[in-house]
Amino acid sequence: MSPNTQRSTPPPETTPKRGWCRVPDIYVILFIFIAMAAIATHFVPAGEFERVPGPAGRTTIDPASFQFVEATPAGFTDFMLAIPNGLISAGEVVFFTFMIGGMFMVLQRTGIIEIGVDKLTRRFANQSLLMLPVLMTVFALIATVIGTQELALVYVPVILPLMIALRFDSVTAAAVALCATTAGFATGLLNPINTGLAQQLSDLPLYSGLGLRALAFIAILGAAIFFVMRYARNVQQNPAASLMQGDAREADKRSSYQHSVSAPARVANTRQKLATAATFIFFAVLVYGVLRLGWFMLEMAGLFIIMGVVVGLIAGLSTDDICEGFNKGFRDVLVGAMIAGVARGVAVILEQGQIMDTLVYALGNVVGELPTLLSAIGMYIAQLLFNFVIPSGSGQALVTMPIMAPLSDMIGVTRQTAVLAFQLGDGMGNILYPTSGYFMATLALAGVTWQKWVKFFFPLFCVWVLIALGFLVFAQAVQWVG
């Protein structure tokens, strides 16, 4: 056979085959959810609670004030504007996603990320799996104390190159950040966002019930570590087992970060050393701002802009190189940033149609009708379901706990148990539902689609649900008061 007629091996398939069982694109899923929400506004009665001042100057609801109001069903214009309004409403998440993506691309162009990854890979080449529980424990402890799940957005781009270099994959990087922060946030040992606020709304001593929550923290984090390590070990031993197999972007990452430790070590020049020192200084400022100054996404995004420019200039990049780095980073996270805004369109429609409060009122009534033995479980399921439309921990606490706390008194559930049901229901859904903006943005930074994430995470989610139900049944049986 002549060279001209010889058949070449076909390239690996990079797109999934279409079929009846194929999960639709995430945009299609979210569009369907928005359409369902719009239709619901024509059938669900409109209602509202009176808003009253709550703890720390926040606005909450008066649980005894619910009343039905004149219906304002979503029309064609409302439906048409749901996505633009969702993008505006989720502006902080969208902007933050762009800025962190751009900043890390600039850092990559300086070469300091590759040098750092090279050093860490050589240091932990024979102990790579042990890094996972260490990182996850640290991330979980931070989340359970300061209550910021959104820090997963910062963790993922930092650890992603290292995970790839150690022959794991992007799903592993996303899982280390998302599962760890969620385990810490959901159990909330000293978390002011969910535990502290929910206990204030329920007239409970602040951070009471620490013992049982600590046990839940250990159980939920332990299950997450087991699942992530098992998956990572399989990928390391057999790259074909990766959910990212065949993904073109994953192949690019592997070619950039994976190399043999027998190759010559990468050495930083003077400018790269100074740029590395500046990077650590900026991260120290970030930590101080979050812990002491109450910084959130907008402040962090602003810092990342300055960080990318300053570190790039110190490393010797031209202004054109820095701008192109930002542009490439923006392009890489564009889909995730857009999804974070599109997902918010569901809540926008429900709020405009004035049926959000009606749904809360109805869920409270359903829980109140359950047998006493199932009441705590009913509260957990109600919180888990409601998390789909309000993925914010503080937002969900302000809307649901003024109802669930007095309701628990009437149905024989302690208020402490009601708070635990809220924490677990709110936290666990945050890294499953596509309506969670920070979660979808984190997946975008990792380069993992929502469909692939669900395939990895859903078995762990089921285990987490069983653990949560076990703790709630125990709390209900002993009438736990902390």
Query raised in the report: Taking side chain as C-beta onward, heavy atoms only, is Phe168 less than 4.5 Å from Tyr231?
Result: no
Report summary line: Contacts of Glu324 meeting salt bridge (Lys or Arg N to Asp or Glu O under 4.0 Å) (sequence neighbours excluded), chain-then-number -> Arg331
Query - Thr435 side chain to Phe388 backbone, donor-acceptor under 3.5 Å - result: yes
Report task. Check whether any side-chain heavy atom of Ile112 lies under 4.5 Å from a side-chain heavy atom of Leu107, and answer yes or no. Result -> yes
Query raised in the report: Does the side chain of Thr182 pick up a donor-acceptor pair with the side chain of Gln149 at under 3.5 Å?
Result: yes
Report summary line: Residues passing the side-chain contact (heavy atoms from CB on, under 4.5 Å) test with Ala301, sequence neighbours excluded, are Phe95, Phe96, Met99
Report summary line: All heavy atoms of Thr110 vs all of Gln272, minimum pair found to be O-NE2, 2.9 Å
Query raised in the report: Pairs in or reaching into residues 88-100: which pass side-chain hydrogen bond (donor to acceptor under 3.5 Å, both in side chains), with residues at least two apart or in two chains?
Result: Ser89-Arg344
Query raised in the report: Which residue pairs pass the salt bridge (Lys or Arg N to Asp or Glu O under 4.0 Å) test with at least one member in residues 446-459, sequence neighbours excluded?
Result: Asp247-Lys452
Report task. Could you pull out all residues at least two apart from Val138 that satisfy side-chain contact (heavy atoms from CB on, under 4.5 Å)? Result -> Ile142
Query raised in the report: Is any side-chain heavy atom of Met356 less than 4.5 Å from a side-chain heavy atom of Val399?
Result: no
**Report entry** Pairs touching residues 77-88 that satisfy side-chain hydrogen bond (donor to acceptor under 3.5 Å, both in side chains), sequence neighbours left out
**Finding:** none
Query - Heavy-atom check, side chain of Phe471 versus side chain of Arg213, under 4.5 Å - result: no
Query raised in the report: Looking at residues at least two apart in the chain, or sitting in another chain, which of them share a side-chain contact (heavy atoms from CB on, under 4.5 Å) with Ala175?
Result: Cys179, Val228, Trp453, Phe456
**Report entry** Parallel, tilted or perpendicular: ring planes of Phe330 versus Phe98, cut at 30 and 60 degrees
**Finding:** perpendicular
Query raised in the report: Can you name the residues that form a side-chain hydrogen bond (donor to acceptor under 3.5 Å, both in side chains) with Thr172, not counting sequence neighbours?
Result: Asp169
Query raised in the report: Looking at Leu460, Thr181, Leu178, Leu443, which one forms a side chain to side chain contact (heavy atoms under 4.5 Å, CB included) with Ile431?
Result: Leu178
**Report entry** Minimal non-hydrogen separation, Pro434 against Ile26, with atom names
**Finding:** CB-CD1, 3.6 Å
Query - Results of side-chain contact (heavy atoms from CB on, under 4.5 Å) for Ala397 - residues two or more places apart only - result: Leu197, Leu201, Met401, Phe422
**Report entry** Side-chain donor/acceptor of Gln423 to backbone N/O of Thr187, under 3.5 Å
**Finding:** yes
**Report entry** Sequence-distant partners of Tyr155, ring-ring contact (aromatic ring centres under 6.0 Å, His included), two or more places apart
**Finding:** Phe139
Query raised in the report: Which residues pass the side-chain hydrogen bond (donor to acceptor under 3.5 Å, both in side chains) test with Tyr433, sequence neighbours left out?
Result: none
Query raised in the report: Thr137 side chain to Pro133 main-chain N or O, any donor-acceptor pair under 3.5 Å?
Result: yes
Query raised in the report: Which value, rounded to the nearest 0.5 Å, describes the distance between Ile281 atom CD1 and Thr276 atom OG1?
Result: 11.0 Å
**Report entry** Any residue meeting side-chain hydrogen bond (donor to acceptor under 3.5 Å, both in side chains) with Asn191, in chain and number order, not counting sequence neighbours
**Finding:** Asn194
